[in-house]
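Below: the structure, in structure tokens.
Scope of the values below: all heavy atoms of this structure, side chains included, with no hydrogens, waters or symmetry mates.
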Amino acid sequence: MESFQLLMDGFATALTPVNLLYALVGVTLGTLVGVLPGIGPAMTVALLLPITFTVPPASAFIMFAGIYYGGMYGGSTTSILLNTPGESSSMITALEGNKMAKRGRAAQALATAAIGSFVAGTIATGLLVVAAPLVVDFAISFGPEDYFALAVLAFTAVSSVLSRSVVRGLASLGLGLVIGLVGIDQQTGQARLTLGIPQLLDGIDVVIVAVGLFALGEVLYVASRLRHGRPEVVPVGRAFLGRSDWSRSWRPWLRGTALGFPFGALPGGGAEIPTFLSYSIEKRLARGIAREEYGKGAIEGVAGPEAANNASAAGTLVPLLTLGLPTSATAAILLAAFQQYGLQPGPQLFDHNPALVWGMIASLFVGNTMLLVLNLPLAPLWARVLRIPRPYLYSGIVLFAALGVYALNSSWVELVILYILGLLGFAMRRFGLPVAPAVIGLILGPMAEIQLRRALAIGAGDVTVLVKSPIAATLLVVSLLALCTPLIRKVAARRGA
């Protein structure tokens with residue numbers, strides 16, 4: 001009942017005219033960038049970070065939440081109409097969705113994706129309301145060693161699960177940790193890795209790193225592989241579902257939601273695994289016409305994965321808001337946004353800033369409804385957006401990123417750092433290093449260092465203090481398993497071969 005009352009207070013914040021406008025801007029931008037291949041919600045939030053300093057925190061996070069959900073919605077449009085996923089989590093949607101579109105059922109594919117996203121997002125946000133206070137009550141008992149172990153778990157899970165190889169994931173993590181060391185040591189006052197440049201004494205702003213690695217790096221990488229000519233987009237009419245489509249879609253929506261939410265809440269769980277699982281489950285459960293249509297455009301293969309995708313987005317917010325633990329690239333950028341406003345997600349955030357947290361959660365319900373209203377009638381418009389010439393689009397992003405970063409402190413040094421990080425982001429993509437571990441290492445690295453020092457100070461330098469707490473010991477064991485599991489699988493596969 002207390003959570004329900006706080007949620008009602010959150011609706012009072014989210015339903016003000018100004019915040020409704022920010023929510024509408026967020027969901028529209030999120031859908032737009034989700035539609036465009038190569039531009040995801042993480043990149044959009046990173047681009048908008050520099051220009052939201054003057055926006056009140058509650059309004060900014062309502063807009064960011066709208067971008068996050070909208071990006072998940074929009075990714076399905078690209079997958080269905082262009083067979084090019086805007087997000088990695090939309091890859092499965094392309095398998096059946098594009099085949100439906102080529103059979104003349106693009107409208108039905110877009111409709112089941114939009115309605116499924118709405119159903120899954122609404123249910124998963126309700127689960128977020130229930131789960132968040134329970135996790136907060138548990139997190140209050142955390143000590144410094146527990147928070148350090150939690151950071152280690154985030155490092156290992158993201159490096160091993162979200163990467164094609166553990167070595168590349170850890171290499172990316174190491175880059176982020178090194179960037180996080182730049183500046184003055186908070187305890188000793190010594191300058192670290194500043195190269196004698198005064199502007200680096202305060203460290204490299206996380207906004208510059210996010211924009212450089214995500215936005216500029218992605219744009220340079222896409223531009224290097226740019227193909228001239230407009231892509232062939234499948235035409236689409238008004239999105240609607242017939243009676244048969246409804247009866248075949250509602251069960252996959254619910255099953256996808258049940259899969260997506262818990263995976264999103266797990267460190268390193270992400271949206272890719274539940275979407276794959278949802279697709280395989282729906283394929284096994286298919287009977288009659290649905291079984292015959294699999295591989296040719298089965299609506300269940302669109303409904304289930306899209307629901308899992310959006311449910312995982314809400315699940316990701318549970319560890320982010322309650323523990324300050326990002327489990328995806330977009331969550332890492334949202335954590336950077338919190339730090340931009342001097343806020344640290346965790347148990348104290350719910351006590352000190354309830355209006356902001358519950359206003360953001362309530363805005364997810366509002367944004368979901370807005371997205372449904374936007375996506376069903378505007379499907380033909382999103383199809384036209386896909387025809388924008390890519391050179392104009394990506395050059396505009398580079399210019400916008402540079403202006404936003406320069407507006408932070410009017411520093412040419414920061415502008416140079418931005419382009420250096422952009423080239424680093426391009427090189428990481430070129431050689432297969434994931435970007436998410438680097439950003440999470442940058443954001444959580446300083447926190448992990450502080451908590452480690454506090455734990456060792458409390459234990460008078462005794463290293464065993466790090467495993468004396470049952471919570472810390474459990475988290476470190478899980479971290480070890482997350483790190484070793486991919487290696488064990490490879491060894492087992494070689495022996496089997």
Side-chain angles (χ1 to χ4, degrees), residues 7 9-36 39-75 86-87 117-118 121-122 125 128 206-207 210-211 214-215 310 313-314 316-317 320-321 326 328-343 345 349 353-375 378 382 385 397 400-401 403-405 407-408:
L7 181 62
D9 295 339
F11 273 112
T13 301
L15 293 176
T16 59
V18 173
N19 287 338
L20 281 174
L21 179 60
Y22 278 110
L24 180 61
V25 170
V27 297
T28 306
L29 280 175
T31 306
L32 176 62
V33 299
V35 165
L36 295 170
I39 308 177
M43 179 174 167
T44 310
V45 175
L47 278 172
L48 291 175
L49 278 178
I51 62 172
T52 54
F53 277 116
T54 57
V55 178
S59 301
F61 283 103
I62 284 172
M63 182 174 68
F64 290 151
I67 291 171
Y68 187 27
Y69 264 28
M72 296 299 175
Y73 266 76
E87 283 280 290
S117 298
F118 170 76
T122 303
T125 305
L128 170 64
V206 69
V207 175
V211 174
F214 271 100
N310 283 268
T316 298
L317 295 177
L320 175 66
L321 295 176
S328 69
T330 311
I333 302 299
L334 287 173
L335 180 58
F338 275 106
Q339 293 178 350
Q340 172 182 298
Y341 283 96
L343 303 170
L349 185 68
N353 302 92
L356 186 151
V357 176
W358 289 101
M360 179 181 175
I361 293 174
S363 74
L364 296 176
F365 289 103
V366 177
N368 248 328
T369 306
M370 287 181 174
L371 282 165
L372 185 65
V373 174
L374 273 174
N375 276 270
L378 295 183
W382 301 131
V385 168
I397 291 173
F400 188 76
L403 289 175
V405 167
L408 287 175

_Any side-chain heavy-atom pair of Ile361 and Leu317 under 4.5 Å_ = no
*asked:* Checking Leu128 against Leu364 for the side-chain contact (heavy atoms from CB on, under 4.5 Å) test, could you report, in this order, the C-alpha distance in whole Å, the side-chain angles of both residues, the deciding distance, and whether it holds?
replied: CA-CA 10 Å; Leu128 170 64; Leu364 296 176; 4.0 Å; yes
*What closest approach, in Å, do Ala313 and Tyr69 show between heavy atoms, and which atom pair accounts for it?*
CB-CE1, 4.0 Å
*May I ask you to decide if the ring planes of Phe61 and Phe338 are parallel, tilted or perpendicular, using 30° and 60° as cut-offs?*
parallel
*Carefully, step by step, assess Val27 and Val366 under the rule side-chain contact (heavy atoms from CB on, under 4.5 Å).*
CA-CA 10 Å; Val27 297; Val366 177; over 6 Å; no
*Please assess Asn368 against Asn310 for the test side-chain contact (heavy atoms from CB on, under 4.5 Å), listing each intermediate value before the final yes or no.*
CA-CA 10 Å; Asn368 248 328; Asn310 283 268; 5.7 Å; no
Throw together a table of side-chain donor-acceptor distances under 3.5 angstrom for residues 18-25, partners on residues two or more places apart or in other chains.
{"unit_1": "Asn19", "atom_1": "OD1", "unit_2": "Ser59", "atom_2": "OG", "d": "2.6"}
{"unit_1": "Asn19", "atom_1": "ND2", "unit_2": "Thr13", "atom_2": "O", "d": "2.7"}
{"unit_1": "Asn19", "atom_1": "ND2", "unit_2": "Thr16", "atom_2": "OG1", "d": "3.2"}

*Nearest heavy-atom pair of Leu356 and Pro57: which atoms, and what distance?*
CD1-CB, 3.5 Å
*Take Val55 and Met63, measure what side-chain contact (heavy atoms from CB on, under 4.5 Å) needs, and give me the verdict at the end.*
CA-CA 10 Å; Val55 178; Met63 182 174 68; 5.8 Å; no
*Least distance between heavy atoms, Ile62 atom then Ala14 atom*: CD1-CA, 4.1 Å
_Please give me the minimum heavy-atom distance between Leu321 and Leu349, naming the atom from each residue._
O-CD2, 4.4 Å
*Do the side chains of Phe365 and Thr125 get nearer than 4.5 Å, heavy atoms only?*
yes
*Shortest non-hydrogen contact from Ser363 toward Ala65*: OG-CB, 4.1 Å
